[in-house]
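Quick notes on the structure that follows.
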Amino acid sequence: MGKFCLLGTCSIMHSTMLLFGAEVGVCYGMLGDNLPPKPEVIALFQQKNIQRMRLYAPNADALRALGGTNIKLLLDVPNDRLEYVAASEGNAAQWVQENIRKYSNVNFQYIAVGNEVKPSDSFARFLFPAVQNIRKAIVDAGLGNQIKVSTATFFGAIGVSFPPSAGSFNAEYQQLLGPVINFLRDNKAPILVNIYPYFAHSGDPSQVRLDYALFTAPSTVVTDGSLQYQNLFDAMLDAVYSALEKAGGGALDIVVSESGWPSAGGTATTVENARTYNTNLVRHVNQGQGTPKRSGKSIETYLFAMFDENQKEPEYEKHWGLFFPNKQEKYSISFN
């Protein structure tokens with residue numbers, strides 16, 4: 001997940017149940033040495049009626065367990081495989097054969113080719129050809145209408161973010177993502193974006209109010225022309241929409257491929273804040289009202305993350321889970 005800043009400014013609404021709808025999924029990270037067996041995790045998704053999942057890399061045990069469940073899957077091509085799939089169409093076809101076609105009873109929906117690739121990354125130059133080759137392999141497999149191929153970027157790619165209407169990409173990210181944005185537009189695929197109001201608040205708590213970040217501000221916090229913002233999530237999302245418009249991608253939809261709030265280890269990290277943010281985010285998504293800029297447009301969103309992951313650093317990275325590794329809820333959640 002990436003850090004970023006957005007200026008804006010921020011009573012806590014109490015709700016005890018987290019209600020998941022069809023537009024909300026959960027990211028299943030595996031960077032822990034105490035996590036449940038993969039089939040038990042898939043069973044927990046089903047038990048809680050979580051209808052969408054993100055996996056950060058192909059995992060045979062998880063993919064086998066997903067077979068026949070109808071859980072809609074967002075699967076990553078990990079960053080360390082970008083060079084391989086970019087090298088040739090044959091390599092990409094092999095990746096698709098081994099990780100998609102082999103699991104014909106898994107409900108694949110998206111492939112994220114790379115996650116938060118930065119211009120300074122040694123593999124950054126492989127991003128666009130990797131996206132092209134994976135898309136061709138998916139089409140050649142007869143899956144082009146079923147599976148959308150994209151990449152997952154993050155709010156750090158935005159150079160100007162306030163007010164939201166001024167949103168634009170950092171010049172280096174524009175160079176990196178520009179060809180991808182055009183490709184996604186031409187193929188009618190969404191762009192995936194990791195959006196974290198938590199990092200905007202924790203990076204500048206004196207300017208970015210906590211209630212604005214938690215969806216609990218009692219009234220408008222930011223006015224941008226005719227648009228009014230009562231929560232930071234919408235402002236960040238609309239800043240990305242504005243950036244896409246300036247980059248020739250105004251027709252693109254955005255899927256929020258990660259969002260969440262840690263419960264310990266950092267600034268404003270409490271179980272109550274994590275519960276408040278996730279509850280209110282899910283409610284906001286389920287209401288289907290969209291954002292001020294894209295009113296009425298559903299916001300498909302993936303909460304980060306299913307479990308606390310004890311092999312991540314720094315400390316706050318260990319505490320994003322909705323569940324403890326023993327599968328107990330961290331706070332009261334209903335996914336029905």
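One-based numbering along the sequence shown.
With hydrophobic clusters built from ILVMFWY side chains whose heavy atoms lie under 4.5 angstrom apart, Ile195 does not share a cluster with Val160. Follow the hydrophobic side-chain contacts under 4.5 Å out from Ile254 and you never reach Tyr110; the two are in separate clusters. Hydrophobic cluster membership is shared by Leu322 and Val271, with clusters built from Ile, Leu, Val, Met, Phe, Trp and Tyr side chains linked at under 4.5 angstrom. Put simply, Leu192 and Phe126 are part of two different groups of oily side chains (I, L, V, M, F, W, Y) that touch within less than 4.5 Å, one to the next. Note on Phe162 and Val193: same hydrophobic cluster, where clusters join Ile, Leu, Val, Met, Phe, Trp and Tyr whose side-chain heavy atoms are under 4.5 Å apart, directly or indirectly.
Separating the CD atom in Gln132 from the CG atom in Asn187 is a distance of 9.5 Å, to the nearest 0.5 Å. Taken from CD in Gln311 to CD in Glu317, the straight-line distance is 13.5 Å, to the nearest 0.5 Å. Here Glu83 contributes atom CD and Ser122 contributes atom OG; the two are 8.0 Å apart, rounded to the nearest 0.5 Å. Rounded to the nearest 0.5 Å, atoms CG (Leu177) and CD1 (Ile191) are 6.0 Å apart. Between Ile138 atom CD1 and Asp140 atom CG the span is 9.5 Å, to the nearest 0.5 Å. Taking CD1 of Ile42 as the start and CG of Leu66 as the end, the distance is 4.0 Å to the nearest 0.5 Å.
With a 4.5 Å cut-off on side-chain heavy atoms, Pro164 and Lys293 do not count as touching. Pro78 places none of its side-chain heavy atoms less than 4.5 Å from the side chain of Tyr56. You'll find the side chain of Ile100 reaches within 4.5 Å of the side chain of Leu75, heavy atoms only. The closest side-chain heavy-atom distance from Phe304 to Ser259 is not below 4.5 Å. Between Gln328 and Phe323 the shortest side-chain heavy-atom distance does not fall below 4.5 Å. In this structure, Met306 and Cys27 have side chains that are not in contact, with every pair of non-hydrogen atoms separated by 4.5 Å or more. Leu44 is listed as a side-chain neighbour of Phe307, based on a closest heavy-atom distance under 4.5 Å. Considering only heavy atoms from C-beta on, Gln109 comes within 4.5 Å of Glu300 through its side chain.
Judged by distance alone, the side chains of Tyr331 and Asn278 do bring a donor and an acceptor atom under 3.5 Å apart. In the model, Asn91 has a side-chain atom that pairs as donor or acceptor with a side-chain atom of Ser88 under 3.5 Å. Lys297 and Thr291 share no side-chain donor-acceptor pair at under 3.5 Å. Judged by distance alone, the side chains of Arg283 and Asn286 never bring a donor and an acceptor atom under 3.5 Å apart. Looking only at atom types and distance, the side chain of Asn115 has a donor-acceptor partner in the side chain of Asn194 under 3.5 Å away.
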Test log, rule side chain to side chain contact (heavy atoms under 4.5 Å, CB included), inputs Lys330 and Asp308: CA-CA 9 Å; Lys330 190 178 290 183; Asp308 285 349; 2.7 Å; yes
From CA spacing to verdict: side chain to side chain contact (heavy atoms under 4.5 Å, CB included), Val208, Leu232: CA-CA 9 Å; Val208 183; Leu232 180 53; 3.5 Å; yes
Pair Asn79-Asp121, side chain to side chain donor-acceptor pair (under 3.5 Å): steps then yes or no: CA-CA 10 Å; Asn79 292 345; Asp121 289 333; 5.2 Å; no
Derivation and outcome, side chain to side chain contact (heavy atoms under 4.5 Å, CB included), residues Leu244 and Ile181: CA-CA 8 Å; Leu244 287 170; Ile181 289 168; 3.8 Å; yes
Side chain to side chain contact (heavy atoms under 4.5 Å, CB included) between Gln51 and Asn49, intermediate numbers included: CA-CA 6 Å; Gln51 299 175 38; Asn49 196 32; 3.6 Å; yes
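Sorted by first then second residue, the ring pair (Phe, Tyr, Trp, His ring centres under 6.0 Å) pairs that include residues 263-292, not counting sequence neighbours, are Phe215-Tyr277, Phe215-His284, Trp261-Tyr277. Within the structure, salt bridge (Lys or Arg N to Asp or Glu O under 4.0 Å) contacts touching residues 85-103 (residues at least two apart or in different chains) are Glu89-Lys136. Within the structure, salt bridge (Lys or Arg N to Asp or Glu O under 4.0 Å) pairs that include any residue of residues 213-236 do not occur (at least two apart or interchain).
Nearest heavy atoms, Gly156 versus Tyr173: O-CE1, 3.8 Å. When all heavy atoms are compared, the tightest approach of Val85 to Ala130 is CG2-CB, 3.5 Å. For Ala62 against Met30, the heavy-atom pair with the smallest separation is CB-CE, 4.1 Å. Of all the heavy atoms in Ala247 and Gln174, the pair that sits closest is CB-OE1, 3.3 Å. A pairwise comparison of heavy atoms in Thr267 and Ser202 identifies CB-CB, 3.9 Å as the closest pair. Heavy atoms only, all atoms of each residue included: Ser150 and Leu184 are closest at OG-CD1, 3.5 Å.
Within a 6.0 Å sphere centred on CD of Glu172, other residues, nucleotides and ligands contribute 12 heavy atoms or fewer. Open room surrounds CG on Asn70; 12 or fewer heavy atoms of other groups in view lie less than 6.0 Å from it. The number of heavy atoms from other shown groups lying within 6.0 Å of CD (Gln230) is above 12. Taking a 6.0 Å sphere around CG of Asn145, one finds it holds 12 or fewer heavy atoms contributed by other residues, nucleotides or ligands. Applying the 6.0 Å contact sphere to CD of Gln175 captures no more than 12 heavy atoms from other residues, nucleotides or ligands.
Geometrically, Lys246 does not engage Phe169 in a cation-pi contact defined by less than 6.0 Å to the ring centre and at most 45° from the axis. Geometrically, Lys118 engages Phe154 in a cation-pi contact defined by less than 6.0 Å to the ring centre and at most 45° from the axis.
Within the 6.0 Å centre-distance limit, the rings of Phe199 and Tyr196 are counted as a close aromatic pair.
Looking only at distances, a side-chain donor or acceptor of Asn133 sits under 3.5 Å from a matching main-chain atom of Ala86. Remark: side-chain polar atoms of Asn99 are not paired, donor with acceptor, to backbone N or O of Pro58 under 3.5 angstrom. A donor-acceptor pair under 3.5 Å links the side-chain atoms of Thr269 to the main chain of Gly266, judged by distance alone. Here the side chain of Ser263 pairs no donor or acceptor atom with the backbone of Ala274 at under 3.5 angstrom. Using a distance-only test at 3.5 Å, with no hydrogens or angles considered, no donor-acceptor pair links the side chain of Thr220 to the main chain of Val222.
Using the six-membered ring where Trp is involved, Phe45 and Tyr28 have ring planes that are tilted, between 30° and 60° apart.
In summary, Glu313 and Lys318 engage in a salt bridge, as defined by a charged side-chain N under 4.0 Å from a carboxylate O. A salt bridge is defined here as a Lys NZ or Arg NE, NH1 or NH2 lying under 4.0 Å from an Asp or Glu carboxylate O, and Arg294 with Glu245 meets this definition. Here Arg54 pairs with Glu258 in a salt bridge; the nearest charged N to carboxylate O distance falls below 4.0 Å.
With Ile111 as the fixed residue, the side-chain contact (heavy atoms from CB on, under 4.5 Å) test singles out one of Thr151, Val77, Leu74, Leu73: Val77.
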